[in-house]
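Just the heavy atoms: all of them, side chains too, but no hydrogens, waters or symmetry mates, feed the values below.
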Amino acid sequence: MQLTRRTTLAAGAALAGSAALSACGGSSESSGGGQSDSKDLTIWLMRDSVPQTSVDWLVKQWADQNGGAKLTVEIQDWTGIVTKLQTTLSSADQTPDLVEFGNSQVLTFTSAGALTDISDLQEELGGKDLLASLVDAGSYEGKLFAAPFYAGARLVYYRKSLLEKAGIAVPTTLDAFNEAVVALKNANPEGVANFSGIFLPAKDYGVSAAWIFTRGAKFAVEKGGKWEGDLTTPDGIAGLDDLKNLYANACTVSATATLEEARDPSAPYNRREAGMFIALNNQFPKVDPALAPDTGFFAFPGEEPGSVGKVFAGGSNIGIPAMSRKQEAAKALLKLVFQSGFMEPFASEGGWVPGNSSYAGPLEATELGAVEVKAVQNAVATPKSEGWGVVENNDVIRDGFTKLAQGASPQQVAQETDAKVESLLNA
């Protein structure tokens, strides 16, 4: 079975094409396929995910506990990471020893046999305190291959004074929210050029997915062993109708904002060019200090008054590549990751809910953090398909939303996106 899965991984890498891996952090110091006794390890973390306090603590603790052994921390970009991992994790000479995976991408690798079974460590890493949704994301065929690392859910940030000047109440339903952001753009209380009621770039599919999920669609559902896209369902079309309206009438830059701009949603807000934006909890420190007292926040609203909507469940898992020659050392490092010195800064500095929720106290103690935890509890994951990472890596959903912002009809986008999703998930 293991050989079959690894063959699947290699095939995935071939399909993805060769990748230039200039900084693969080769973890091997011995030739052949045997294990290495060296305690020098390499860990891959994603950009802007782990607080520097945690990184510094981990490097120092690893050295202190292992006779000065070196822990190399390499930061990876989200763009193209699936293709890069498909190539790297299939090679003992290139693989790192511990890797962070996006929670919607990890199944691509657990199902391919790319990760080591860590079920025997589950209790030691946190047991019942591990975030259940991420345990599910990191499991395959009843075994845990990637432990919960951290979770986050997007919140709505808004200028209190702008809503007051425009006579708009803080919305408590999705329909009221849709109306509020359009009304805020039209009111433009401060007379700012190119003002948006909300910064809603089509390329940020993690934000726009909230309308799809809250209306009841999931991008794809499994029926009879096959995956079917569901944007063409009434729920999917309802979500796309919402987005079509908002892209055109609530945001001036939905169709033109770049991916880099989409990843910095507080920037137009700080320039006073947007009255609202949607982002994770860790965006609040990036808000202009002059605007911070005027900034409110609330969980994305649901369809019923006072209910919480279903935003995209952000977060990551962490696992040990099966091809690493330093399995025992990597397990020791994974245990160190789940100690308080590494986990607590996720809550106190990073704005994340730690993978071991027993360390979430510093987050829950703040008003913003309490809203974040509530949003996480209602968040929705992408379809649990072995091919979903490929869907993401090919920008299928992002491209569909971009076409919608550029003028395509919801029906056209739904049909084209469903066809692409089904082709990739059923390949």
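- Side chains of Glu303 and Thr173: a donor-acceptor N/O pair is absent below 3.5 angstrom, by distance only.
- Counting only heavy atoms from C-beta outward, the side chains of Leu58 and Leu336 approach each other to under 4.5 Å.
- Taking the centre and axis of the six-membered ring of Trp211, the NZ or CZ atom of Lys310 falls outside the cone set by 45° and 6.0 Å.
- A donor-acceptor contact under 3.5 angstrom links the side chains of Tyr150 and Ser316, judged on distance only.
- For the side-chain hydrogen bond (donor to acceptor under 3.5 Å, both in side chains) condition, no pair includes a residue of residues 330-339, sequence neighbours left out.
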Name the atoms and distances for all side-chain donor-acceptor pairs under 3.5 Å in residues 396-406, with sequence neighbours left out.
from, atom 1, to, atom 2, distance (Å)
Arg398, NE, Lys203, O, 2.5
Arg398, NH1, Asp395, OD1, 2.7
Thr402, OG1, Arg398, O, 2.9
Lys403, NZ, Glu416, OE1, 3.3

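- No hydrogens or angles considered: a donor-acceptor pair under 3.5 Å links the side chains of Ser266 and Gln283.
- Under a 4.0 Å N-O distance rule, the pair Asp77/Arg47 qualifies as a salt bridge.
- With sequence neighbours excluded, the residues forming a side chain to side chain contact (heavy atoms under 4.5 Å, CB included) with Val73 are Ile43, Leu45, Val55, Val59, Leu71, Ile75, listed by chain and number.
- By the 6.0 Å contact criterion, CG on Asn194 is open, its count of non-hydrogen atoms from other residues, nucleotides or ligands being 12 or less.
- A distance-only check finds a donor-acceptor pair linking the side chain of Glu261 to the backbone of Thr258 [under 3.5 Å].
- Taking Glu422 as the reference, nothing meets the salt bridge (Lys or Arg N to Asp or Glu O under 4.0 Å) condition, with sequence neighbours excluded.
- A salt bridge links Asp64 to Lys60: one of the charged nitrogens lies within less than 4.0 Å of a carboxylate oxygen.
- Listed by first and then second residue, the side-chain hydrogen bond (donor to acceptor under 3.5 Å, both in side chains) pairs involving residues 118-136 are Asp117-Ser119, Asp136-Lys384 (not counting sequence neighbours).
- Atoms CD and OG, on Glu222 and Ser385 in that order, are 7.5 Å from each other to the nearest 0.5 Å.
- Using a cutoff of 4.0 Å between basic side-chain nitrogens and carboxylate oxygens, Lys143 and Glu141 are not scored as salt-bridged.
- Side-chain contact annotation: Asn356 with Ser358, donor-acceptor N/O pair under 3.5 Å present.
- What you find for Phe145 and Leu115 is that their closest heavy atoms are CD2-O, 3.3 Å.
- The environment of NZ in Lys39 is sparse: at most 12 heavy-atom neighbours from other residues, nucleotides or ligands sit within 6.0 Å.
- In Asp37, the CG atom is not crowded: 12 or fewer heavy atoms of neighbouring residues, nucleotides or ligands sit closer than 6.0 Å.
- Within the structure, side-chain hydrogen bond (donor to acceptor under 3.5 Å, both in side chains) contacts touching residues 241-253 (residues at least two apart or in different chains) are Asn178-Asp242, Ser196-Thr252, Ser208-Tyr247, Arg215-Asp242, Asn245-Asn249.
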